[in-house]
2 protein chains.
Amino acid sequence: MSTVGFRQHDHTHCVHTALAQAEAKCKTRRLQFTPVRRRVLEILLEKHRAMGAYDILGILSAEGLGSQPPVAYRALDFLVQNGFVHRIEQLNAYAACAHPTHDHVPAFLICRSCKAVAETETELTQGRLGAAASTSGFQIERVVVEAEGLCPECVGELP
Amino acid sequence: MSTVGFRQHDHTHCVHTALAQAEAKCKTRRLQFTPVRRRVLEILLEKHRAMGAYDILGILSAEGLGSQPPVAYRALDFLVQNGFVHRIEQLNAYAACAHPTHDHVPAFLICRSCKAVAETETELTQGRLGAAASTSGFQIERVVVEAEGLCPECVGELP
DNA sequence: TTGAAAAATGTAATAACATATCATCTTGGA
DNA sequence: TCCAAGATGATATGTTATTACATTTTTCAA
Ligand SMILES: [Zn+2]
Ligand SMILES: [Zn+2]
Ligand SMILES: [Zn+2]
Ligand SMILES: [Zn+2]
C-alpha cells in the first residue's frame, strides 16, 4: 500500500521519480524549480520523515546553498504552496508529499515515540465537522488532520 | 446549538458556571486549582477566543501573578492536560473548552479573517484515517482536527 | 503533629521557530 | 533590448517554548 509509509523500503528510485514529477509539474505551470527548491524537496524525499526548517537549513548551509532562515522558509513556502510538501502543525515540521500526483486533503499518523510520519488522505468536510460547518454557515477551505499515537514498530515496545 | 459558537452571546454567567465546574472537577480528582490556573482559565473563558501564551502572560503580569513564560506555560499545560483548555496547533494558541463536562475529541473551525474559533466534536478514528491506522497497526491516541476557512460573518465580506 | 515526598512556583537564561525589510540579481516575456 | 516580476542575499528582529535550578507550598502517612 502506498497510503501508509511505516514499512521499510528502498526509495532511491522514488526520490528520482518524485523529483522528475515535480520538475515536470513546475514546467507545466511555469513555476521556477530553482536549485534551492529542488534540493529542499530532495532532502525531504531522501530523509523520508518530518524535518524542521532549521534542520533543512543546516544541510543547505553545509552545501553552500544559503545559511539564513529565509532561504529555508522561502523554499518550504513554495513547496507547500504547490503541493510538493506538507507542513505538520503539531511538529512545526515539513514532510514531502506522498501522493504528489493528485490533489488531496492530507492526513497524518505521527508516532510520538520515534517521530515517524505516515501520510494518508481524508475528506475536506468529513463527519461531524462538516455537519457543524454547514449548520453554522462556515466555509471550510483547508483541514488539518493529524493523529498522534504509536506506530507499529513502537506499539510493542512502550507502555 | 452549543456546538458552534459563532453567534454573539452574553456569557458572564457561563464563565462563572465553567469555573465552578472546573473547581469541582479538580476537587474530585484531587488536583490543585491554584490562583494562576484559575485565572488563566477565567481569562480564556472571558475572552472567548484563542489566545497566545504571551497574551495571557501579559495579563497575568499586569495583575502580579507572574511575569516569566513558564508561569503561563505551566498553567496552560495543566489546563490542557485536564481537558479545560485546548491547544489550537495552527495558531499556536489556546482556547477554553466549550464542552468541559464530558470527554470528547475536539475539532475546530477557525476563521482566517477574524480569527474566531468555534469548537465542535469529532470521532477519534473517523473515516479513512481510522482505516489507514488499523490497516497499518498504528494506535491512535489523540487527533488534531482543525478546519480553516471563513466564518458566517466574514464569508460575505471577503473574496 | 510532624516530617518526608511530591507538587507548585520564582527566576534567569536560552533554545527553537518564524518574519520583516530592503538591496541586489535573475528570469521571462513584450 | 528593456522592463517587470520573481527569486536571492543579508541583517535584524519578533514570537513561541523549554531547560535548569532554587525555593515554597501542599499532601499524606507515620
Ligand atoms: Zn500529500
Ligand atoms: Zn514509532
Ligand atoms: Zn472541548
Ligand atoms: Zn470571521
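Remark: P of C:dC17 and CG of A:Leu76 are 12 Å apart, rounded to the nearest angstrom. Rounded to an integer number of Å, the gap from A:Met51 CE to C:dC17 P is 12 Å. Rounded to a whole Å, the CD1 atom of A:Ile88 is 18 Å from the C1' atom of C:dA16. The CG atom of B:Leu65 sits 13 Å away from the P atom of C:dT11 (whole-angstrom rounding). Residue A:Gln68 contributes atom CD, which lies 16 Å from atom C1' of C:dT24 at whole-angstrom precision. When the P atom of D:dA7 is taken as reference, atom CG of A:Leu79 falls 12 Å away, rounded to whole Å. When rounded to the nearest whole Å, the span between CZ of B:Phe78 and P of C:dA8 equals 7 Å.
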Protein heavy-atom contacts under 4.0 Å, written 5' to 3' over nucleotides 13-22 of chain D as B (base), S (sugar-phosphate only) or - (none), form the string ---BBBBB--
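Nearest approach of A:Leu109 to B:Leu129, heavy atoms of both residues: CD2-CD1, 3.6 Å.
DNA chain C is contacted by B:Gln32, B:Thr34, B:Arg37 of residues 27-41 of chain B, taking any non-hydrogen atom closer than 4.0 Å.
Residues B:His86 and B:His99 place their aromatic rings such that the two centres sit no closer than 6.0 Å.
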Show your working on side chain to side chain contact (heavy atoms under 4.5 Å, CB included) between B:Tyr94 and B:Val40 and close with a plain yes or no.
-> CA-CA 10 Å; B:Tyr94 302 82; B:Val40 170; over 6 Å; no
Begin from the C-alpha positions of B:Arg37 and B:Leu31 and carry the test side chain to side chain contact (heavy atoms under 4.5 Å, CB included) through to its verdict.
-> CA-CA 11 Å; B:Arg37 292 170 178 179; B:Leu31 300 170; 5.8 Å; no
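The backbone N or O of B:Glu148 lies less than 3.5 Å from no partner atom in the side chain of B:Gln90, so there is not a single donor-acceptor pair. In this structure, A:Thr17 contributes its side chain and A:His13 its backbone to a donor-acceptor pair below 3.5 Å.
With respect to the salt-bridge test (charged N to carboxylate O, under 4.0 angstrom), the residues B:Glu46 and B:Arg39 qualify. Salt-bridge formation is detected for the pair A:Arg128/B:Glu121: a Lys NZ or Arg NE/NH1/NH2 atom is positioned less than 4.0 Å from an Asp or Glu carboxylate oxygen.
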